[in-house]
K.L.:
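Attaching a single structure in structure tokens format; questions to follow.
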Protein chains: 2
Amino acid sequence: MKEYVSILKKTKLFAGVGEEEISAMLSCLSARMQIYKKGDYVLRQGTHLSDITILVAGALHIQKDDYWGNRSILGHIGVGEIFGEAYVAPESGVLINDVVAIEDSAVIFFDVKKIITTCPSACQFHTRVVQNMFFTISEKNKKLVQKLDHMSKRSTREKLLSYLSEEAQKQNSSTFTIPFNRQQLADFLSIDRSAMSNELSKMRKEGLLDFEKNCFRLL
Amino acid sequence: MKEYVSILKKTKLFAGVGEEEISAMLSCLSARMQIYKKGDYVLRQGTHLSDITILVAGALHIQKDDYWGNRSILGHIGVGEIFGEAYVAPESGVLINDVVAIEDSAVIFFDVKKIITTCPSACQFHTRVVQNMFFTISEKNKKLVQKLDHMSKRSTREKLLSYLSEEAQKQNSSTFTIPFNRQQLADFLSIDRSAMSNELSKMRKEGLLDFEKNCFRLL
DNA sequence: ACAATACCGTTGTATTTACAACAGAATGGA
DNA sequence: TCCATTCTGTTGTAAATACAACGGTATTGT
């Protein structure tokens, strides 16, 4: 786990906390790490989770497959992001999505109860981490609201533009890359892949945008 | 504000805290209350918010209207529920939705920073409230994930069944009422009202469910 | 009590989307 | 390098949805 402390230091969860304090807290909070190969399930729908988790290497998708194999992707988790935050409350029930490694990945699990019930004055930086976690979950919340905003659009084109605009804004550039291939983007926006490809082509013809692979530019 | 302490006592945010402690905390946290008439805007898209808010009377909708007057409803807030939790983080930006009173309502605003930065040992129950708020935001998070689950369904029928099933489960009964009229339900699920009415009728004919006004029964 | 308004279901038509199939390009492994 | 696999854009058709319009029924306010 030691090798990832420098990664943790850069995350929002540990913002303002030094590497040594992080190391100390890892044992104090009885954190455990797990390695996954591309394609492995990190968490499975229907199971319980009482940990908060943070990705320190690789990338994950939070997704769900129905009976007919139709997949819908709830979100993409990059290095430094947390997940499982919707299930920290007691009686929050079971997971309603799978979490899958789309690259070789490493995940650290923290016992949530230890984080929030241990007296914050125990470690000097504990208070800070509690605050950070608070804000992180709130940000996550906003992300979900934004995704709902895309999904509430009625047409394929509107959904695409809504999502791409947000990415451009988030990456602070009209040229940006997205963490999805075509099928994944379609599954993320809950639209048909071929219809989406079609719409992208039309928009390119109309001069609204340009793209190559997963790199896009809004015009 | 005094008259709503008994309401606050029943909320998840103040679970485990007595009425007297709540009264004490209200001033300690410099809470302020605001009254709204049906139809009033509680919060407006594009503005900043650094408070966490709790509804103590009435009902609210979190919604958004586009240029053409098409409305989409993100969520319904009932008495005891919090809102604005997605914007407590510093630099979380401006609101992307309006919050509107759909009945005469009363809202209490708390300064988030005071809640989480004041030393939790100051008031005996402060720690408890911080934990409660933590869990409440997490639950809110789960709610959003569930709504995304409905919205990711491809057809009108699937969206309806997904939503109605969740309501039945939440209210622990196959007979239940929903807090929306038809137009609002359509705006909530991002589908066409007439198509929805049509689909509901079909499902009733098929014996899948029954309904009258906003009272439904799954069969 | 009555008028005005809002709500709900229904229908028909135009538009959009889903689905299936395919070919060329890119990618990855042996 | 070559073969198998995946990824992407395109097309045509079937199916679903959006939109507009309408009448009947509640609801509201005066």
Side-chain angles (χ1 to χ4, degrees), chain A residues 37-39 61 66-73 100 102-104 150-164 177-206 208-216, chain B residues 37-39 61 66-73 100 102-104 150-164 177-206 208-216:
Chain A
K37 286 229 162 296
K38 176 176 178 174
H61 275 176
D66 69 13
Y67 318 95
W68 299 274
N70 299 317
R71 173 166 296 170
S72 79
I73 298 178
V100 179
I102 57 168
E103 302 172 9
D104 293 351
H150 307 144
M151 303 272 294
S152 70
K153 298 290 190 294
R154 304 307 176 91
S155 68
T156 298
R157 174 175 292 216
E158 276 184 305
K159 284 180 188 170
L160 276 169
L161 287 177
S162 180
Y163 169 71
L164 294 174
T177 61
I178 64 172
F180 300 120
N181 65 28
R182 294 290 182 275
Q183 183 62 60
Q184 290 169 340
L185 179 57
D187 291 340
F188 179 73
L189 296 175
S190 292
I191 53 183
D192 182 70
R193 183 195 61 79
S194 65
M196 185 187 79
S197 261
N198 211 326
E199 200 63 35
L200 282 173
S201 297
K202 276 191 209 166
M203 289 195 280
R204 174 152 60 183
K205 277 195 198 95
E206 293 173 25
L208 279 170
L209 49 74
D210 199 10
F211 57 89
E212 190 183 333
K213 298 203 178 202
N214 60 343
C215 180
F216 288 78
Chain B
K37 286 230 162 294
K38 177 176 176 173
H61 274 177
D66 70 13
Y67 317 95
W68 298 275
N70 299 316
R71 173 166 296 169
S72 79
I73 298 178
V100 179
I102 57 168
E103 303 172 9
D104 292 352
H150 306 144
M151 303 273 294
S152 68
K153 297 291 189 297
R154 305 306 176 93
S155 69
T156 297
R157 174 174 293 216
E158 277 185 305
K159 284 180 187 168
L160 276 169
L161 288 176
S162 180
Y163 169 70
L164 294 174
T177 62
I178 63 172
F180 299 120
N181 64 30
R182 294 290 182 278
Q183 182 64 60
Q184 290 168 341
L185 179 56
D187 291 341
F188 179 75
L189 296 174
S190 290
I191 53 184
D192 181 71
R193 182 192 61 78
S194 65
M196 185 187 79
S197 261
N198 212 326
E199 200 64 35
L200 281 172
S201 298
K202 275 191 210 164
M203 288 195 280
R204 174 153 60 184
K205 277 196 198 92
E206 293 174 25
L208 277 171
L209 48 76
D210 199 9
F211 56 89
E212 189 183 331
K213 299 204 176 204
N214 60 343
C215 180
F216 288 77

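All chains are named by letter (A, B, ...) in the order of the sequence lines, taking the proteins before the strands, and each is independently numbered beginning at 1.
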K.L.:
Would you mind reporting whether Ile191(B) and Leu185(B) have side-chain heavy atoms less than 4.5 Å apart?
P.N.:
no

K.L.:
Could you list the residues that satisfy side chain to side chain donor-acceptor pair (under 3.5 Å) with Asn181(A), not counting sequence neighbours?
P.N.:
none

K.L.:
Within residues 152-164 of chain B, find the residues that approach DNA chain D with a heavy atom at under 4.0 Å, and present them sorted by residue number.
P.N.:
Ser155(B), Thr156(B)

K.L.:
Please list, one pair per line, the donor and acceptor atoms closer than 3.5 Å that link side chains of residues 195-203 of chain A to other protein atoms, with sequence neighbours excluded.
P.N.:
{"unit_1": "Glu199(A)", "atom_1": "OE2", "unit_2": "Arg157(A)", "atom_2": "NE", "d": "2.7"}
{"unit_1": "Glu199(A)", "atom_1": "OE2", "unit_2": "Arg157(A)", "atom_2": "NH2", "d": "3.2"}
{"unit_1": "Ser201(A)", "atom_1": "OG", "unit_2": "Ser197(A)", "atom_2": "O", "d": "3.1"}

K.L.:
Residues in side chain to side chain donor-acceptor pair (under 3.5 Å) with His61(B), at least two apart?
P.N.:
none

K.L.:
According to salt bridge (charged side-chain N to carboxylate O under 4.0 Å, His left out), who are the partners of Asp210(A), at least two apart in sequence or on a separate chain?
P.N.:
Arg204(A)

K.L.:
Side chain to side chain contact (heavy atoms under 4.5 Å, CB included) with Lys205(A): which residues, sequence neighbours excluded?
P.N.:
none

K.L.:
Which atoms of nucleotides 10-14 of chain C (N or O only) lie under 3.5 Å from a protein N or O atom, and what are those distances?
P.N.:
{"unit_1": "dT10(C)", "atom_1": "OP2", "unit_2": "Ser201(B)", "atom_2": "OG", "d": "2.2"}

K.L.:
With Arg71(B), which residues qualify under salt bridge (charged side-chain N to carboxylate O under 4.0 Å, His left out), at least two apart?
P.N.:
Asp65(B)

K.L.:
Kindly state which residues belonging to residues 177-192 of chain A come within less than 4.0 angstrom of DNA chain C, counting heavy atoms of the residue only, listed by number.
P.N.:
Asp192(A)

K.L.:
Looking at residues at least two apart in the chain, or sitting in another chain, which of them share a side chain to side chain donor-acceptor pair (under 3.5 Å) with Glu103(A)?
P.N.:
none

K.L.:
Holding to side chain to side chain donor-acceptor pair (under 3.5 Å), I want the full list of residues that pass it with Asp104(B), two or more places apart in sequence or in another chain.
P.N.:
none

K.L.:
Can you sort out the partners of Ser194(A) under side chain to side chain contact (heavy atoms under 4.5 Å, CB included), two or more places apart, ordered by chain and number?
P.N.:
Asp192(A)

